[in-house]
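A short write-up of the structure that comes next.
So you know, we letter chains A, B, ... as the sequences are listed, proteins then strands, and number each from 1. Reckoned from all heavy atoms, side chains included, excluding hydrogens, waters and symmetry mates.
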Number of protein chains: 2
Amino acid sequence: MFTEVIKKDNTCHDCKDISCAAAVLNIKQLGLVTSNSQESFLKKGEVILHEGSLTSHIIYLKTGLAKEYIKRSGEKEQILQIVKKHTYLGLPSLFGDRINHYSYAALEDCKICYIDINMFNSLIRENGNFAYEILISTSRDSLNNINRFLHRSQKKVYGRVADAILYFSKIIYEGDKFSLPISRQELADLIGVSRESATRVLIKFKSEGIISLKGRSITIVNMDLLEQISQKG
Amino acid sequence: MFTEVIKKDNTCHDCKDISCAAAVLNIKQLGLVTSNSQESFLKKGEVILHEGSLTSHIIYLKTGLAKEYIKRSGEKEQILQIVKKHTYLGLPSLFGDRINHYSYAALEDCKICYIDINMFNSLIRENGNFAYEILISTSRDSLNNINRFLHRSQKKVYGRVADAILYFSKIIYEGDKFSLPISRQELADLIGVSRESATRVLIKFKSEGIISLKGRSITIVNMDLLEQISQKG
DNA sequence: ACAAATATGTGATATTAATCACAAAAAAAG
DNA sequence: CTTTTTTTGTGATTAATATCACATATTTGT
């Protein structure tokens with residue numbers, strides 16, 4: 001019985017955290033994935049993947065939260081997005097030029113799966129439905145990222161901070177009370193403003209009763225107003 | 001002989017402007033594409049596709065140049081990129097939610113091909129190699145766009161204008177002498193600055209001998225310096 | 001528990017680039 | 001070939017936000 005439990009945890013077929021895409025694979029293909037993938041654990045703060053490295057494996061985030069970012073020497077860090085569990089990391093890089101374009105670091109303890117890229121590619125070529133699911137996920141990701149960037153560039157600091165709070169509320173935590181998984185500096189890097197400006201606006205929102213704020217804990221008090229600020233820039 | 005020429009122009013198999021992806025289809029599949037697609041012509045300035053519309057057909061740009069942009073009422077126009085021939089328009093929108101997220105307008109007279117989306121989708125599902133090619137093209141597009149946005153947001157006006165000039169030189173025209181296909185306002189919309197600022201910087205570059213400029217014609221005189229300005233922001 | 005290191009908050013100042021208000025030039029229309 | 005419309009260029013002004021320079025918390029390590 002004990003060995004059976006271990007076995008369940010170790011096959012993709014029985015994995016609770018299986019991806020939407022892998023769900024369309026047949027038993028044989030899933031078995032292939034099982035024998036060509038490797039689970040691993042990372043502690044909060046650890047780097048999962050570094051930009052510039054060659055993609056030797058696909059990484060699938062089974063549990064936990066990570067940041068997707070770029071940090072070039074001399075430049076300030078830019079956070080593209082916060083990545084939730086059940087997501088493949090760096091797919092566009094794999095299909096683009098096989099060099100990772102973004103870095104990923106764990107914001108919480110994470111469970112990840114390394115998957116062999118050659119097997120991953122052959123699955124795409126031999127199973128159109130799998131390919132289709134991957135296309136859907138990369139397409140949505142692209143639309144979301146570009147959408148966020150486009151809007152950001154039209155907005156002033158108030159609108160951007162409002163956006164960030166709504167992003168954590170609606171996309172990441174799906175609730176209006178949460179604890180930010182990132183520092184003020186990182187929040188600023190996520191929305192492309194200075195740390196000081198981000199801080200100031202958060203405190204302004206607090207003093208105006210739009211949010212309640214204590215350290216990294218935020219509760220949205222006046223959602224309508226926050227959305228209005230996000231809209232109007 | 002005359003009819004043969006006509007026929008050649010009208011089948012995908014003999015199309016000079018066939019996409020990389022379609023090139024991996026077999027004869028039968030190409031025949032299917034031929035009978036489910038329709039060529040069309042657009043004049044400079046015409047809108048090819050409007051954001052918010054439902055994707056009823058995939059559009060493939062056979063010849064000409066177009067701009068990919070977003071224009072919401074009240075907001076200023078944002079140009080995402082200039083699209084060259086041999087490109088599918090709006091693929092991420094098709095796989096995302098079937099609503100077009102971007103608009104496209106012809107910057108030159110264009111020849112386009114409307115392709116039925118149901119057939120396109122079934123080709124992806126039944127031909128993994130085709131799917132793979134589509135994945136490559138959407139992935140590269142996504143990386144390029146996000147790369148451009150990320151760098152832009154770190155740069156001041158000088159760096160952005162330099163970027164735009166280099167973009168037309170290296171990506172669009174592949175030469176250091178070209179005529180801008182867009183107005184000053186559109187150039188500003190492409191790099192996210194005001195028209196006045198864009199104009200001022202262009203003139204500054206001209207007066208410093210970095211480019212020669214007459215109306216919309218640009219020749220890059222000092223490429224090294226221009227690249228340095230692009231790098232240093 | 002204490003010291004050191006790191007993160008956060010705050011005011012003053014500087015800088016950048018947008019906006020405004022026109023003038024000039026170029027393109028389109030008649 | 002004019003007249004009208006659109007695009008482009010230019011100076012002055014304004015507004016937004018980054019930067020700097022610290023003070024104050026908070027976290028981490030010993």
Nearest-Å distance for atom pair CD1/P, residues A:I203 and C:dG11: 9 Å
Over all strands shown, is B:S194 touching base, sugar-phosphate only, or nothing at heavy-atom distances under 4.0 angstrom? base
Between A:S139 and A:S142, a side-chain donor and acceptor under 3.5 Å: no
Which nucleotide wins on minimum distance to the side chain of B:S183, given the candidates D:dT10, C:dA17, D:dT8? D:dT8
For B:L202 and D:dT10, give me the distance from atom CG to atom P, rounded to whole Å. 11 Å
Nearest whole Å is fine: how far is C:dA18 P from B:D189 CG? 11 Å
Within the 4.0 Å heavy-atom criterion, would you say B:R216 contacts the bases, only the backbone, or no part of the nucleic acid? sugar-phosphate
Would you mind reading off the distance between B:K155 atom NZ and C:dT16 atom C1', rounded to a whole angstrom? 17 Å
Atom pair distance, as rounded to whole Å: CD in A:E196 and P in D:dA21: 12 Å
In whole angstroms, the gap separating C1' of D:dG9 from CZ of B:R184 amounts to 9 Å
Would you say B:T199 reaches D:dT8's phosphate, i.e. side-chain N/O to OP1/OP2 under 4.0 Å? no
Rounded to the Å, how far apart are B:K204 NZ and C:dT16 C1'? 13 Å
Would you indicate, yes or no, if C:dA18 has its OP1 or OP2 atom less than 4.0 angstrom from a side-chain nitrogen or oxygen of B:S197? yes
On a plain distance test, is the side chain of B:R200 in donor-acceptor contact with the base of C:dT19 below 3.5 Å? yes
Between C:dG9, D:dA18, C:dA17, which nucleotide gets closest to the side-chain atoms of A:R195? C:dG9
Rounded to the Å, how far apart are B:Y158 OH and C:dT15 P? 15 Å
Just by distance, with hydrogens left out, do B:Y104 and B:E68 show a side-chain donor and acceptor under 3.5 Å apart? yes
Ring centers of A:Y88, A:F120 separated by less than 6.0 Å: yes
Begin with the C-alpha distance, continue with both residues' side-chain angles, and end with the deciding distance and a verdict on side-chain hydrogen bond (donor to acceptor under 3.5 Å, both in side chains) for B:H57 and B:D116. CA-CA 5 Å; B:H57 293 82; B:D116 182 77; 4.6 Å; no
Does a side chain donor of either A:T55 or A:N100 reach within less than 3.5 Å of an acceptor in the other side chain? no
